[in-house]
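Just below is one structure, and these are the notes that go with it.
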Amino acid sequence: MPSWQHITYSDEVTPEMYGKEVTVGGWAQEVRNLGGISFLQLRDSHGVVQVTLLKKRNKELFDLVASIPRESVLRVTGEAKQSKEARAGYEILPSKIDILSKAETPLPLGVVDKVGADLDTRLNNRFMDLRKDEVKAAFRIKSVTLQGIRQFLSSQGFTEVSTPKIVAAGAEGGATLFQVKYFDRNAYLAQSPQLYKQNLMATGLDRIFEIAPAFRAEASDTIRHIAEFTSLDVELAFIESSDDVMEVAEGIVINSLRHVREHAKPELKALGVEIGEPLTPFPRVKYADAVEMVRSRGMKLEPGEDLGTEGEKLLGDVMMEEKKADLYFITEFPTALKRSTFYAKRRDDDPELTGYFDLDYRGQEIVSGGQREHRYDVLTEQMRENNLSLESFEFYLKAFRYGMPPHGGFGFGVERYVQKMLNLPNIREAVLYPRDRSRLTP
RNA sequence: GCCCCGGUAGUGUAGCGGCCUAUCAUCCGAGCCUGUCGAGCUCGGGACUCGGGUCCGAAUCCCGACCGGGGCGCCA
């Protein structure tokens, strides 16, 4: 125990400590007063410890505990005693109880109440909501997921970088940009590090990744959209095709899933989630074939038309039923659907197709990327197609004129990934303090 | 941006023109209870989002505002 730790956590009390004095601390989750005996359930960050009080043994402490409002913070010192009734296998017979912080009543949101609460109410009282194990668990798993991702990418020689979040121009159109005041000018919050990570491909930092917030002013009220999300962005140079990029994306998912499976067992249990071994290699479905697959299931769709949300969901069902695959790539996106993605490389043998791909997780897109166009002339031509002003992209374009290797990469939605991994009903369950069209606090 | 739906105690709900002095659970308060862990029992407390309108009468119907839920489009 480090010298700065002053309480013993509930799961740190070992049988060797039975009969000895310990000090525990936490939130008064519940008091069951049976008259002559009462039980205080004290919750700490590791679990719940039972503090047992006998009226005839210490009436003063007994009455004190009976009067403590739920969720007050207490420090309890007493003897740890083995007990077959207490769930932890032991209980504390207190000699001293300090009320470190008294909670007001009523609570804005119950922690162990037998009634549910709307997500809105929970988010308005997020600190209280996060006292619930199953709510906290998702965020511990998110942390373990990011660990797994960093571990894998580091092992593959990737350098973690940071690019600016206050920018002068976006990667795509301006509609989804948040404007901010920047001294005496206007600036925007970055919707993607796209231009910067490509810029870095001209530096010799051949493999880079960034885990950072991305801001999108999309007026989308759905269970999979938020205005501020965590984007894992990866870019690598000297690739031969989009296949190289897909392999990296696949490696990230396989390794981070394994990492979570091995390092978040209690949290997965709290959520009632089991993560199986994904089918590998992830199946690759050509976009044109994906369209045929959903058409054969009765969906009205023209060849080459956008799958749409319905098509994506349907494809997810088909992949699950026919291949038992919950993770799969949709490849060779038609150029027609990627025109606004001006930096996407079109195939030399068929300019109507790109090497762009999505990685879908049970009918939900979580990754999108592919090989970029690294030839200056072709790139600028594709930008003109989009009526982009080349001057405002000069910092980006300049890097393509002085030696830019072929490269590719992708954007990976971390919260969407966690949402699908844990079957969370709403992406907001994977963000501590979500930002959406209407929510700016807390 | 478009479409659908909803706002009733701290929390989650029932009621949908008069039976509402508004249901139930949870919660809060008082009391009983020496092994509880969805503890139990008795008694008590607490609410119709706001503003207009229709009607003899509005929680209930209509209009607007505000707040929220979901779908589509777009996307991570």
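Throughout, a chain's letter reflects where its sequence line sits, starting with A, and its residues are numbered from 1. Remember, it's a predicted structure, so these values are computed and weren't measured experimentally. When reading the values below, keep in mind they use all heavy atoms of this one structure, side chains included, and skip hydrogens, waters and symmetry mates.
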Pairwise side-chain hydrogen bond (donor to acceptor under 3.5 Å, both in side chains) hits with a residue in residues 283-292 of chain A, at least two apart: E250(A)-R284(A), E292(A)-R295(A)
query: Relative to the ring of F209(A), is the ring of F158(A) parallel (under 30°), tilted (30 to 60°) or perpendicular (over 60°)?
result: perpendicular
query: Checking side-chain contact (heavy atoms from CB on, under 4.5 Å) against L40(A), which of T52(A), L74(A), N33(A), L61(A) comes through?
result: L74(A)
- request: Give me the residues of residues 73-92 of chain A where at least one heavy atom lies under 4.0 Å from an atom of RNA chain B, by number, or none.
  value: S83(A), E85(A), A86(A), R87(A), E91(A)
field: Aromatic ring pairing Y396(A)/F393(A), orientation class (parallel under 30°, perpendicular over 60°, tilted between)
entry: perpendicular
query: Do the side chain of D44(A) and the main chain of S10(A) share a donor and acceptor less than 3.5 angstrom apart?
result: yes
- line: Separation of C75(B) atom C1' from K313(A) atom NZ, nearest Å, is 14 Å
message: Tell me whether E210(A) is salt-bridged to K165(A), with the criterion being a basic N under 4.0 Å from an acidic carboxylate O.
response: yes
task: Mind checking the CD1-CD spacing from I7(A) to E12(A)? Nearest 0.5 Å is all I need.
output: 8.5 Å
query: Atom CD of E210(A) and atom C1' of A76(B): how far apart are they, to the nearest Å?
result: 14 Å
field: Parallel, tilted or perpendicular, as decided by the 30° and 60° cut-offs, for the rings of F282(A) and F329(A)
entry: tilted
- prompt: Just the dot-bracket of RNA chain B, please: which string comes out with Watson-Crick or G-U pairs under 3.5 Å, [ ] for crossing, | for another strand?
  reply: (((((((..(((.....[.....)))((((((.......))))))...(((((..]....))))))))))))....
message: Suppose you measure atom C1' in A9(B) against the same atom in A22(B); what distance do you get, rounded to whole Å?
response: 11 Å
Distance below 4.0 Å between K114(A) side-chain N/O and G12(B) OP1 or OP2: no
message: With hydrogens left out and only the distance checked, is there a donor-acceptor pair under 3.5 Å joining K55(A)'s side chain and the base of U34(B)?
response: no
- prompt: Is any NZ, NE, NH1 or NH2 atom of the basic residue among E235(A) and K197(A) found under 4.0 Å from an Asp or Glu carboxylate oxygen of the other?
  reply: yes
query: Would you say a side-chain N or O of S438(A) is under 4.0 Å from OP1 or OP2 of C67(B)?
result: no
Rounded distance (Å) that lies between atom C1' of C27(B) and atom CD of E104(A): 16 Å
- prompt: Any luck finding a side-chain donor-acceptor pair between Q147(A) and H259(A) under 3.5 Å?
  reply: yes
message: Using the salt bridge (Lys or Arg N to Asp or Glu O under 4.0 Å) criterion, which residues pair with E21(A)? Sequence neighbours excluded.
response: none
- prompt: If you measure from the C1' atom in G57(B) to the same atom in C20(B), how many Å do you get, rounded?
  reply: 13 Å
- line: When rounded to whole Å, the CD to C1' distance for the pair E218(A) and G1(B) reads 12 Å
message: So, using side-chain contact (heavy atoms from CB on, under 4.5 Å) as the criterion, who are the partners of R122(A) when residues are at least two apart?
response: L109(A), A117(A), L119(A), R126(A), D129(A), K132(A), V135(A), E429(A)
task: Provide, to the nearest angstrom, the distance between the CD atom belonging to Q194(A) and the C1' atom belonging to A76(B).
output: 12 Å
message: List the residues meeting side-chain contact (heavy atoms from CB on, under 4.5 Å) with R57(A), not counting sequence neighbours, and say none if there are none.
response: L54(A), L93(A)
message: Between P on G70(B) and CD on E429(A), what's the gap in Å once rounded to a whole number?
response: 10 Å
query: Can you list the residues that meet the side-chain contact (heavy atoms from CB on, under 4.5 Å) rule with L189(A), with sequence neighbours excluded?
result: F178(A), V180(A), F215(A)
Check nucleotides 43-48 of chain B against the protein and report each pair of N or O atoms closer than 3.5 Å, with its distance, or say if there are none.
none

Atom pair distance, as rounded to whole Å: CD1 in I427(A) and P in G70(B): 12 Å
- prompt: Given atom OH of Y356(A) and atom C1' of C75(B), what is their separation to the nearest angstrom?
  reply: 14 Å
message: For F333(A), does the six-membered ring have the charged nitrogen or CZ of K338(A) within the cation-pi criterion, i.e. under 6.0 angstrom from the centroid and within 45° of the normal?
response: yes
message: Taking E160(A) first and then R150(A), would you say they form a salt bridge - that is, a charged N and a carboxylate O separated by under 4.0 Å?
response: yes
field: Interface with RNA chain B, restricted to residues 118-152 of chain A and to heavy atoms under 4.0 Å
entry: D118(A), D120(A), T121(A)
- prompt: Going by an N to O cut-off under 4.0 Å, is there a salt bridge joining K313(A) and D317(A)?
  reply: no
- prompt: When you check the side-chain N and O atoms of R372(A) and Y356(A), is any donor under 3.5 Å from an acceptor?
  reply: yes
Expected rows: protein N/O vs nucleotides 8-10 of chain B N/O, under 3.5 Å:
{"residue": "G10(B)", "atom": "O2'", "partner": "L107(A)", "partner atom": "O", "Å": "3.0"}
{"residue": "G10(B)", "atom": "O2'", "partner": "P108(A)", "partner atom": "O", "Å": "3.3"}
{"residue": "G10(B)", "atom": "N2", "partner": "D113(A)", "partner atom": "OD2", "Å": "3.3"}

- request: Apply side-chain hydrogen bond (donor to acceptor under 3.5 Å, both in side chains) to T23(A) and list each qualifying residue two or more places apart in sequence or on a separate chain.
  value: T77(A)
task: Please work out which residues in residues 220-231 of chain A have a non-hydrogen atom less than 4.0 Å from an atom of RNA chain B and list them by number.
output: S220(A), D221(A), T222(A), I223(A), R224(A), H225(A), I226(A), F229(A)
